[in-house]
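In what follows, chains carry the letters A, B, and so on, assigned in the order in which the sequence lines appear, proteins first and then strands, with residues in each chain numbered from 1.
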Amino acid sequence: MTERRTPPLEPSLLIEMYRRMLTIRFFEEAVFEVYRRGWMPGLAHLSDGQEATPVGVCMALRPDDTITSTHRGHGHIIAKGGQVEPMMAEVMGKVTGYCRGKGGEMHIADVSLGILGANGIVGGGLGIAAGSAFTAKREGKGRVSVAFFGDGAANQGLWYETANIAVLWKLPLIYVCENNQYTEFTHWKKLTAGEGLAVRARAMGMPGIEVDGNDVVAVYQAARELVERARRGEGPATLVCHTIRYGGHHVGDPGTAYRTKEEMEEWRKKDPIERCERLLLETGILSPQAIEATRNEIYERVQKAVEQARQDPFPPVEEVYEHVYA
Amino acid sequence: MTERRTPPLEPSLLIEMYRRMLTIRFFEEAVFEVYRRGWMPGLAHLSDGQEATPVGVCMALRPDDTITSTHRGHGHIIAKGGQVEPMMAEVMGKVTGYCRGKGGEMHIADVSLGILGANGIVGGGLGIAAGSAFTAKREGKGRVSVAFFGDGAANQGLWYETANIAVLWKLPLIYVCENNQYTEFTHWKKLTAGEGLAVRARAMGMPGIEVDGNDVVAVYQAARELVERARRGEGPATLVCHTIRYGGHHVGDPGTAYRTKEEMEEWRKKDPIERCERLLLETGILSPQAIEATRNEIYERVQKAVEQARQDPFPPVEEVYEHVYA
Amino acid sequence: MSTRELTFAQAIREALDEELARDERIVLFGEDIGAWGGVFRTTEGLYEKYGPDRVIDTPLSEEGYVGMAVGIAMTGMHPVPEIMFGDFITLAMDQIVNQAAKMRYMTGGQVAVPITIRATMGGGRSSGAQHSQSWHAWFAHVPGLKVVVPSTPYDAKGLLKTALRDPNPVVFFEDKVMYHKIKGPVPEEEYLIPFGVADIKREGKDVTIIALSRMVHTALAAAERLAQEGISAEVVDPRTLTPLDEETLVQSVCKTGGAVIVDEGYTRFGITAELAAVIAKGAFDYLDAPIERVGAFDVPIPFSPPLEFATIPDEERIVQAVYRILEGRRPQ
Amino acid sequence: MSTRELTFAQAIREALDEELARDERIVLFGEDIGAWGGVFRTTEGLYEKYGPDRVIDTPLSEEGYVGMAVGIAMTGMHPVPEIMFGDFITLAMDQIVNQAAKMRYMTGGQVAVPITIRATMGGGRSSGAQHSQSWHAWFAHVPGLKVVVPSTPYDAKGLLKTALRDPNPVVFFEDKVMYHKIKGPVPEEEYLIPFGVADIKREGKDVTIIALSRMVHTALAAAERLAQEGISAEVVDPRTLTPLDEETLVQSVCKTGGAVIVDEGYTRFGITAELAAVIAKGAFDYLDAPIERVGAFDVPIPFSPPLEFATIPDEERIVQAVYRILEGRRPQ
Ligand SMILES: Cc1ncc(C[n+]2csc(CCOP(=O)(O)OP(=O)(O)O)c2C)c(N)n1
Ligand SMILES: Cc1ncc(C[n+]2csc(CCOP(=O)(O)OP(=O)(O)O)c2C)c(N)n1
Ligand SMILES: [Mg+2]
Ligand SMILES: [Mg+2]
């Protein structure tokens, strides 16, 4: 037997990270299938390939910390504890969905878990995240707020305006920029001046850190440090995670026209889940059998969620006028 | 007789700078008087004290270069060649004004001089300036675009969005931030995170330079370098000029509640016009008599402009429907 | 009940003061609303009384601080962002329309978004085209928002207090010309005014003038002039646009047989259009003449006073509109 | 004249193509409109044909690139910024409303601001509350803008070419559901359609249905159904909202005595209100029944299909509105 690696983190934590990443992967693959079979209305924006970022960040959070999510939000929601059953029902527009079918694929939220909504306006959630950080600071319980957003969103003026305010007021806010290399169909470097958001963040007076967004341990460690700093009242920070989405911009885009095969193959070698699996095996935290069992268990759960959601009813038409006002 | 200083710039240039700064000073003082006497409708935002920045920058420009101005725009307009007569008439809402009385104090423009309008939306002109730079680049004649704006405007998202695009597309655009220490009634440091706009500009991938905004020669030299760089096709830059407004935020504000006497006295010692006068005297470019004559000449011109504007008619009511559409 | 005369600005300030004292979840945001007391003095003294944690000066970033207000509201507080000149609300449109107004619905009712956005409106101050606009029609068109347009100190205070207890986003429009010019009685005792209840500001029987915000005063002056000529005009103030008290408006017109609708916003596709459409339908069998709409001219607000005053509805235009209705009145 | 059938998207693309070729001052801006050809394929092939200097991919910065367009227009070019989903136009409101629409007026006529803003509208694609809205009413309310709402490939091409030669800011709304679903004849030869001229899409005598953009097709389907029952409905399409061809609308209603107004935007304070107000006045003596307004329900557009389809006007709602008018018709 070869020498075992020492686990970089608590085994239970690593297992949980692995489970959440797998859940995201299987969920996204299932949504794709649901779309392909015509079981869902509209389109979906999948995040398979990007699992390490939301999971690494969210495992550094407390239950009462909040996140804001994006159009590509399924991963954030699962990472923060969202359940696949009401998620899948929401994707299909069923009344059993998190938002009773009113939100849809792009707007899944579970406010009780601190998930303050996903946003179809790219960058639109940055204000909400900063606002949550304001309340958190006011409450004084060390709660933090995380804003997930993409490399494209990073060029919206709202980032700049809230970053200025967050630094000034020392808000416990972590900007997590998932740089998946593309803003829709265009490479981020064609759309982003200078060296990117981490450098800009530093110019605003906050830490700007970049990490391998496909390494869940690295993401976790970086996030943890920034989160703890924010909890201590030392203000906001920006964490840029470099990653890739495997699929297209949405389920209708194969994602091949603007990306090369080689590029994608390079990224596949850095698959976040495989890396985590290797780590679990090499540290002896999980046996190959346990890995296999975990995969099966989660896969089954997601499949069941699909089956159940298919059976579930659409919302009754009377609900159309509900929830406009509180 | 004491040794003479060597002029840092062409004497004719220094004289013209002096004349334009004086014109601004006397114009602003006249507007205040016009307001005080109830000869103008509404309020006015004066820039006395800040003369060196617009003049230093605009003397580095060609006639076909464009500028965009702000709510505190009289100085920019005079610096770019605007005439006091139609300006004063505009301030009073007369049909002889630059904008036939439709624009008013806050919206004086002479497009034929490359003055693409002043803006009552703080930061609102940044898009226009970037657009003019786009056209300039397309024309390929070395023309540049200058955006004047304040320390307050620098926190608007539009700066960030256009800065990103301007750097990406290498637009011949000079952002000139007049940091007059206050955003209305609040000190800029209370509203601005980090070290300020020059640092932010660098993070966007363009030069960010700071100068003494009360030293017309320093402003000119810095502007000239950035303008020439832009003409050569090397892209945008940001120039931050530190200065102060002598008066209040507008003519109804004495400007004393949020600023100390000492602070203002320090600034008065750095008066841009007095410094320029001293330079002209010490270099022998102008004699005390010539200085006196220049002051009188310009003062008289501004006073005449006031008298004429008072006589001028208001626009006929029929004009209200004109100029909505071209 | 003891009453005093307060200006419109004082009434606003008093509502803010009382609600800040009552509910510590309320926080005010805006440019120079703190130490400076607000450029229109509507927050005067509140910074001193409630401190910099409750009355907060923001950077010049309308999108940013209104956006933050959405998140603050979603996490249990009640933010009150101020838009100094309503013209600048353009910068915060996305956060108001796509975020604040929709979050409850999109989450299937999981959250409430209690934000009170205070914005000014109104021209007539020679402030030029970018400091004189009245954009309340836009927000009345957006589901999920409530829109309030008070005309008197009494209404302003009672409605603002209601807004500050409403769990929904409310856009509260204050005509800046009224702040220091309009005075009126305000009880010492606490009171609230419910949304969706129009107020008959003057009773009459020959014609109904529907007006809101500052135009109520213009309408009342016109009604006074008409009274001298023996014409009895009823003046009705809807007070809120969403919800809209259609019934009171329609009933008044059913009684008088004629309606003039007055609003300081632009005429085309504006407030007067909706109110006219509602009344034309509701009072279809009672209208003796076409409804008259009196709004701002459809031009950017000009600076020069003779032009500016021409664009904004005045007494004379209202009176002329009433004449047109009475002339056009069919033999009964 | 030879004609072909083109889809709505192809007609748009062809107008852009022809005008890009005709006038080199025209430059297109937008997100992924270049190499990718636009997410709705309306700029397909134009990048290849006119190059990256004429068909320009922008960062995700709506306020920024629309703002730039104002300056580009003021310096002699004709920019065409695209707002991928009309919902995002909220982000560019200030630049459209306070800058583009006012610059000419505020400078006393010194400049023209020829911008053609292309924006989509329309729901029915299960895209959720932030990708399904129709905000054309806002812009119709803003002086200085022109607003175009074409319903057919023929109109889209002719009106877009007119917009691209107009020296004013034009907001051109394209219902995204029509892009690939609606086909129609388009002549090979060049033609332009002037603004402010409504088009009678179907003649009739019993009732007038006024509809715009995609709702024209829904109205035509309703008219067809009504025809089977012996009811002859006229369908009138205003095509542009500013300028508005009030005369044609009013004349049609004077002829038929009844009006149903259909728009996919929200009902309250929306397009249907202005059109109803204009007609209620212009056809006052000819209306036999109250005007019926059919707009989207006043709720954020829901995702789930049964809810979403309920909110958007359909054939059935139009037919029912016609029934109400004919029932309510007074004995003549
Ligand atoms: C304000 C706004 N503009 C444009 C779009 C259309 N759009 C949807 S996703 C997207 C790209 C977003 O890129 P990025 O932020 O990098 O996120 P990613 O899709 O890569 O996860 C665009 C342009 C939008 N939804 N919202
Ligand atoms: C978008 C917008 N927000 C707020 C205002 C109100 N306002 C006018 S001037 C000003 C301060 C501007 O500060 P700065 O940019 O530093 O320019 P300065 O007045 O110092 O020249 C403010 C807040 C405005 N006109 N536009
Ligand atoms: Mg991306
Ligand atoms: Mg300043």
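Ring orientation note: the planes of Trp138(C) and Trp138(D) are tilted relative to one another, at an angle of 30° to 60°.
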- Would Val97(C) and Gln133(D) satisfy side chain to side chain contact (heavy atoms under 4.5 Å, CB included), going step by step from the backbone distance to the final call? CA-CA 11 Å; Val97(C) 171; Gln133(D) 301 164 90; 4.1 Å; yes
- Item | Stepwise side chain to side chain contact (heavy atoms under 4.5 Å, CB included) test for Glu63(C) and Leu91(D) | CA-CA 9 Å; Glu63(C) 189 189 8; Leu91(D) 291 159; 3.4 Å; yes
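The closest side-chain heavy-atom distance from Lys102(C) to Gln130(D) is below 4.5 Å. Between Phe284(C) and Leu287(D), the closest side-chain pair of non-hydrogen atoms falls below 4.5 Å.
Counting heavy-atom pairs under 4.5 Å between each of Asp298(D), Thr267(D), Asn98(D) and chain C puts Asn98(D) at the top. Comparing Gly270(D), Ala280(D), Gly265(D) by heavy-atom pairs within less than 4.5 Å of chain C, the highest count is held by Gly270(D). Taking Val278(D), Ile271(D), Leu275(D) one by one and counting their heavy-atom pairs under 4.5 Å with chain C, the maximum is reached by Ile271(D). Contacts with chain D were tallied for Arg104(C), Gln95(C), Glu292(C), Glu62(C); Glu292(C) has the most, counting heavy-atom pairs under 4.5 Å. Contacts with chain D were tallied for Pro302(C), Ala101(C), Ala276(C), Pro290(C); Pro290(C) has the most, counting heavy-atom pairs under 4.5 Å.
Heavy atoms of other residues, nucleotides or ligands lying less than 6.0 angstrom from CD of Gln320(C) number more than 12. When the shell of 6.0 Å around CZ of Phe309(D) is examined, it contains more than 12 heavy atoms from other residues, nucleotides or ligands.
In summary, of the residues considered (Tyr266(D), Trp135(D), Phe269(D)), a side-chain contact (heavy atoms from CB on, under 4.5 Å) with Val142(C) occurs for Trp135(D) alone.
Annotation for Ser134(D) and His141(C): closest pair O-NE2, 4.5 Å, computed over non-hydrogen atoms. Nearest heavy-atom pair, Ala277(D) versus Arg293(C), reported as atom, atom and distance to 0.1 Å: CB-NH1, 3.5 Å. In this structure, Arg268(D) and Thr242(C) approach most closely via the heavy-atom pair NH2-CG2, 3.4 Å.
With a 4.5 angstrom heavy-atom cutoff, Leu241(D) touches chain C via backbone and side-chain atoms both.
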